[in-house]
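A quick write-up on the structure given underneath.
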Protein chains: 2
Amino acid sequence: MDLGLIKRYQSFLPVSEKTPFLTLYEGNTPLIKAKQLSQELKLDLYLKAEGFNPTGSFKDRGMVMAIVKAAEAGSQAVICASTGNTSASAAAYAARMGLRCIVVIPDGYVALGKLSQAVVYGAEVLSVQGNFDQALDIVREIADTSSVTLVNSVNPYRIEGQKTAAFEVCDQLGKAPDFLAIPVGNAGNITAYWKGFKDYRTAGHIETLPRMCGFEAEGAAAIVQGERVEQPETVATAIRIGNPASWETAEKAAKESNGLIDSVTDEEILDAYRDLAQKEGVFAEPASAASLAGVKKLRRMGKLPEGVQVVCVLTGNGLKDPSTAMDAVPVKPRVLPCEREAVMEAMTRGGRR
Amino acid sequence: MDLGLIKRYQSFLPVSEKTPFLTLYEGNTPLIKAKQLSQELKLDLYLKAEGFNPTGSFKDRGMVMAIVKAAEAGSQAVICASTGNTSASAAAYAARMGLRCIVVIPDGYVALGKLSQAVVYGAEVLSVQGNFDQALDIVREIADTSSVTLVNSVNPYRIEGQKTAAFEVCDQLGKAPDFLAIPVGNAGNITAYWKGFKDYRTAGHIETLPRMCGFEAEGAAAIVQGERVEQPETVATAIRIGNPASWETAEKAAKESNGLIDSVTDEEILDAYRDLAQKEGVFAEPASAASLAGVKKLRRMGKLPEGVQVVCVLTGNGLKDPSTAMDAVPVKPRVLPCEREAVMEAMTRGGRR
């Protein structure tokens with residue numbers, strides 16, 4: 001039986017005999033061959049489906065590390081600012097570990113499904129009248145001046161846990177892919193993958209490194225524009241961040257790997273979001289689709305050679321944000337009389353479309 | 001790399017060389033030790049977390065079988081009536097297989113997260129002015145009189161795929177548990193698990209069989225009451241079914257295994273739902289919690305001996321139904337000014353509760 005991410009990759013992680021054991025069976029997520037999209041885009045395309053994680057996003061990889069290290073250090077409580085996925089993950093692992101969890105969220109900017117998680121897991125949720133960046137400033141100050149442990153992505157153990165996704169991609173392919181495409185919000189994940197690939201090469205598990213291609217949403221494209229975005233806006237709530245905490249390391253990953261950081265529009269994101277579900281059967285949250293949207297953009301612009309192997313990181317589960325799903329697909333269900341003939345007739349018309 | 005459920009258990013499944021290959025990496029879900037609840041209830045308690053499946057519920061196990069067999073038979077379209085989980089699963093696998101999917105739902109009785117899935121996966125959703133049982137009658141008639149394949153649980157391949165969950169439980173424990181506790185709605189799943197345990201014993205993989213304990217919601221307890229419920233009502237939407245399709249086989253499973261079928265109230269379900277999240281870090285949909293609610297009830301009534309090994313089947317992901325989550329936990333997030341002092345003060349008060 002699987003013993004979880006930390007046991008699986010402990011030689012690469014900052015754990016010791018004193019580190020408590022904890023897992024909700026994070027990681028070990030499928031790498032799904034994108035059959036139809038590979039054909040359409042003339043690529044060897046794979047999807048790293050991080051929505052399979054216990055709380056539905058890649059955050060669980062880093063959070064399990066952050067929580068065990070907080071417990072190891074004797075902390076009784078953890079705190080984070082979050083637009084959603086981080087809070088859900090922190091609350092779940094804190095519950096499992098028996099720690100108190102305080103979540104500070106920007107009021108009015110969190111998708112329903114995400115907030116419900118933190119609340120159900122028993123986190124104490126505080127909502128502040130500000131944006132994500134302001135909430136983050138507050139929890140940083142609190143962690144600096146109290147015994148509460150900060151578990152936002154600036155917590156260094158988060159990156160350590162998250163880098164295991166790169167190990168898995170290599171284990172699943174038998175090598176590193178040619179390109180790794182990844183959504184960029186707070187920029188911790190691209191930083192973590194790049195560290196993971198480099199660690200794995202140093203250890204002799206892979207020979208080559210992928211080119212790292214990060215994609216911000218156009219309305220929150222601080223790195224691409226070269227300046228902090230004061231009022232970030234995008235349908236991809238999980239990457240609606242105007243001042244990425246790991247800005248520099250993200251740029252470094254792109255530069256060192258001969259990759260790039262680019263942006264994609266909300267329209268491109270929703271188009272890719274529908275593609276994933278309808279062509280591959282994978283329902284990912286909108287932010288996840290930024291990676292595929294970016295790959296499609298690079299192909300259109302001739303920046304991605306035919307036939308190369310590309311892994312798109314899908315960061316979270318589509319169930320995280322059901323309202324976007326309903327808005328993204330124009331057809332609402334038709335209400336019919338409860339009769340066989342009415343249904344048959346509607347089916348025939350549907351088939352002729 | 002994992003090749004999916006059908007490849008993993010093909011010797012137990014009705015597949016041949018002509019059966020097309022299909023997987024979205026269903027199955028292989030974690031069996032999570034319920035540490036705190038084991039202690040509280042004085043049991044050796046495990047949670048089979050089926051919310052880890054690709055569309056977030058156990059239905060994926062049976063659906064992958066139903067869809068490959070439909071494709072093998074040359075069908076171009078599948079149809080189902082569904083309160084949610086079945087439609088999501090059918091739509092995902094049909095999309096991956098390239099088949100048309102028609103979903104008939106009872107108007108106004110489907111949780112938002114569930115409907116969004118079928119729609120995003122590209123299913124054609126038709127809503128009829130009736131309840132689940134009436135919708136099921138209509139799709140059965142349509143499948144009988146056309147070339148469209150019915151993929152509701154009356155499709156025999158569904159049960160075959162679903163029984164693999166029993167195999168996994170045995171593989172994970174190294175034997176069958178003493179008791180298996182499972183929610184009962186349409187009753188296909190308890191039927192499938194029982195078949196799985198028996199098949200596995202016949203094949204010599206296990207020696208003993210578990211006692212099967214199925215739990216209906218009190219407002220939809222047709223089997224317990226011995227009569228069809230015309231207007232089923234429960235917060236556990238996934239088991240809000242008044243006339244279980246697999247009624248007889250469910251009763252048979254309980255009888256043959258020296259188990260039982262009982263009911264639990266909505267209050268007991270929501271209490272167990274909070275327990276799972278806050279004590280074990282597992283966010284399951286309300287219907288899933290019927291299994292734990294039932295175990296707690298049996299312990300209270302002295303019907304479950306101390307120390308026995310029990311597996312609770314958690315049928316779906318909590319993200320399927322975010323609105324129930326928000327309703328189930330009374331505390332709404334407090335809105336504070338965006339200042340460190342305000343947050344610190346609120347934290348101190350929270351800690352004193």
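All heavy atoms count here, side chains included; hydrogens, waters and symmetry mates do not. No experiment lies behind these values; they were computed from the predicted model shown. So that the names make sense, note that chain A is the first sequence line, chain B the second, and so on, each numbered from 1.
Neither the backbone nor the side chain of A/L276 comes within less than 4.5 Å of any heavy atom in chain B. Using a 4.5 Å cut-off between heavy atoms, B/L126 contacts chain A through both its backbone and its side chain. Only the side chain of B/V148 comes within less than 4.5 Å of a heavy atom in chain A; its backbone stays farther off. For chain A, no part of B/Q36 is nearby; none of its heavy atoms comes within less than 4.5 Å. Contacts between A/L24 and chain B at a heavy-atom distance below 4.5 Å involve backbone atoms as well as side-chain atoms. Proximity to chain B is limited to the backbone of A/N53, based on heavy atoms less than 4.5 angstrom apart. Neither the backbone nor the side chain of A/Q76 comes within less than 4.5 Å of any heavy atom in chain B.
A search for side-chain contact (heavy atoms from CB on, under 4.5 Å) contacts involving B/S89 returns B/T55, B/K59, B/D60, B/M63, B/Y93, not counting sequence neighbours. Checked against side-chain contact (heavy atoms from CB on, under 4.5 Å), B/D271 has the following partners two or more places apart in sequence or in another chain: B/R274, B/D275, B/K296.
Across all their heavy atoms, A/F283 and B/Y121 have their closest contact at CB-OH, 3.2 Å. Here the shortest heavy-atom pairing between A/V120 and B/Y273 reads CG2-OH, 4.0 Å. Across all their heavy atoms, B/A95 and A/Q278 have their closest contact at CB-O, 3.6 Å.
Residue B/Q39 qualifies as open at atom CD: its count of foreign heavy atoms under 6.0 Å is 12 or below.
Under the 3.5 Å distance criterion, the side-chain polar atoms of B/E280 are left unmatched by any main-chain donor or acceptor of A/R96.
When the candidates B/V128, B/D171, B/T29 are compared by the number of heavy-atom contacts under 4.5 Å with chain A, B/V128 comes out ahead. Counting heavy-atom pairs closer than 4.5 Å to chain B, the top residue among A/R340, A/E339, A/E141 is A/R340. Taking chain A as the reference chain and counting heavy-atom pairs below 4.5 Å, the highest number among B/G318, B/A92, B/P54 is found for B/P54. Interface summary for chain B: among A/A135, A/P337, A/C338, A/G56, the most heavy-atom pairs under 4.5 angstrom belong to A/C338.
A/I79 places a side-chain heavy atom less than 4.5 Å from the side chain of B/M347.
Atom-to-atom distance recorded for B/M344:CE and A/I102:CD1 is 10.0 Å, nearest 0.5 angstrom.
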